[in-house]
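Chain identifiers are assigned alphabetically (A, B, ...) following the order of the sequence lines, protein sequences preceding nucleic acid strands; residue numbering begins at 1 within each chain. The figures here come from the full heavy-atom set of this structure, side chains too, leaving out hydrogens, waters and symmetry mates. Predicted, not measured: the structure shown is a model, and the values here were computed from it.
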Amino acid sequence: MPTHEEVFEKVRTALVDALGVDDDEVTPESTMVGDLGAESIDFLDIVFRLEKAFGIEIPRAELFPDDVLTSAEYVQDGKVTEAGLIELEKRMPFADLSKFKENPAVQEFGNMLTVDDLCRYVVSKVNAN
Amino acid sequence: MRWFWIDRFLEFESGRRAVAVKNVSYAEEQIPDYALSMPIMPGSLILEGMAHTGGLLVAESGGFLQRVVLAKVGKILFHDYATPGDQLIYTSEIQSFQARGALVHSTAHLDGLLMAEADVVFAHLDERFAGIQLYDPAEYLGILRSYRLFEVGIRSDGRPIEVPEHMLDAERRWLDTERQRCAKQSP
């Protein structure tokens, strides 16, 4: 089982390679979109690199639940509803949604995911294997 | 007009690796026009050739049934220039292949030395793009034959890569249409 440091180092390498950022820009608190400048197509690149580095499979809807964020059932007036937040919590137990809950605007969602969230997700997948 | 940025494949291992050659010629329009008094092959077109090599490797892995598009160039480094008379060798290796696409590492070598390297992400268009055909399959097959893919291509078990049936069907239909057109034009 990899240690937290080993997971972080591999995640950092994947992010440095995929996003062209410097090593020291990638901290556990960095947000993927706001701090590291990840765009939607970068997530495909990141997923490929994480899958290869850890020997895991990452279904897109698991890490980035687009279906919830585009669902009329879970989104009203551009904001995720209470039911949508419950669904997101269920689907993303690795992510800290507390800040997003303060202003659950869909456009803010991409800015929520941090490097630490990504590491927790990877650990959950590695452990499941 | 279609752009062809490789001349042909030298090696092609299904799902793993492809090697293609590109001969740089002064007769190509871009060479004298790109940089005044410095006849070089533009880096963007070298990248295009590297992506071309990798994209066809990815497309073949899916039996040429998936619609493969270049999604992102993650990293590109150039170490040298290519000038008329040079022969570039493009090598692409699949790093990760999934239902959604693939990550490919590609290099360009000149006289045995590394002159460029790139990480390229390819995506498979999903059902949202259903009905959009990127290429005419008969024309596509003609290009693949010109690149000698089926002459050098092998599967992981060493057997040759065969032309996919859906492409052969398209080619037969195209030939029938052409025969009929010629028959009508004959006196």
**Prompt:** Yes or no on side chain to side chain contact (heavy atoms under 4.5 Å, CB included) for A:Ile58 and B:Gln98, after CA distance, side-chain angles and deciding distance?
**Reply:** CA-CA 10 Å; A:Ile58 303 177; B:Gln98 305 293 340; over 6 Å; no

**Item:** Region of B:Ala99 that comes under 4.5 Å of a non-hydrogen atom in chain A
**Value:** neither

**Message:** Other residues, nucleotides and ligands only: do more than 12 of their heavy atoms fall within 6.0 Å of CD on A:Glu39?
**Reply:** no

**Message:** Assigning hydrophobic clusters by single linkage (Ile, Leu, Val, Met, Phe, Trp, Tyr; side-chain heavy-atom cutoff under 4.5 Å), is B:Val104 placed with B:Leu77?
**Reply:** no

**Asked** If you look at every heavy atom in A:Asp45 and B:Gly74, which pair is closest and at what distance?
**Response** OD2-CA, 4.3 Å

**Message:** Is there a side-chain contact between B:Leu103 and A:Glu51 in this structure, where contact means two heavy atoms from C-beta onward sitting under 4.5 Å apart?
**Reply:** no

**Asked** Taking atom CZ of A:Phe94 as the centre, does the number of heavy atoms from other residues, nucleotides or ligands within less than 6.0 Å exceed 12?
**Response** yes

**Asked** Do the side chains of B:Ile94 and B:Phe64 join up, straight or via other hydrophobic residues, at under 4.5 Å, putting them in one cluster?
**Response** yes

**Message:** Just so I know, are the side chains of A:Phe48 and B:Gln95 near enough to count as touching, which here means a heavy-atom distance under 4.5 Å?
**Reply:** no

**Side-chain (B:Lys72) to main-chain (A:Ala18) donor-acceptor, under 3.5 angstrom** = yes

**Message:** Is it the case that over 12 heavy atoms from other parts of the model lie below 6.0 angstrom from the NE2 atom of A:His4?
**Reply:** no

**Message:** Taking side chain as everything from C-beta outward and backbone as N, CA, C, O, which of these in A:Asp42 sits under 4.5 Å from a heavy atom of chain B? Side chain, backbone, both or neither.
**Reply:** both

**Message:** Do A:Arg49 and B:Asp119 make a side-chain contact, defined as non-hydrogen atoms from C-beta onward lying under 4.5 Å apart?
**Reply:** yes

**Message:** Surrounding CG of A:Asn103 (heavy atoms of other residues, nucleotides or ligands, distance under 6.0 Å), is the total greater than 12?
**Reply:** yes

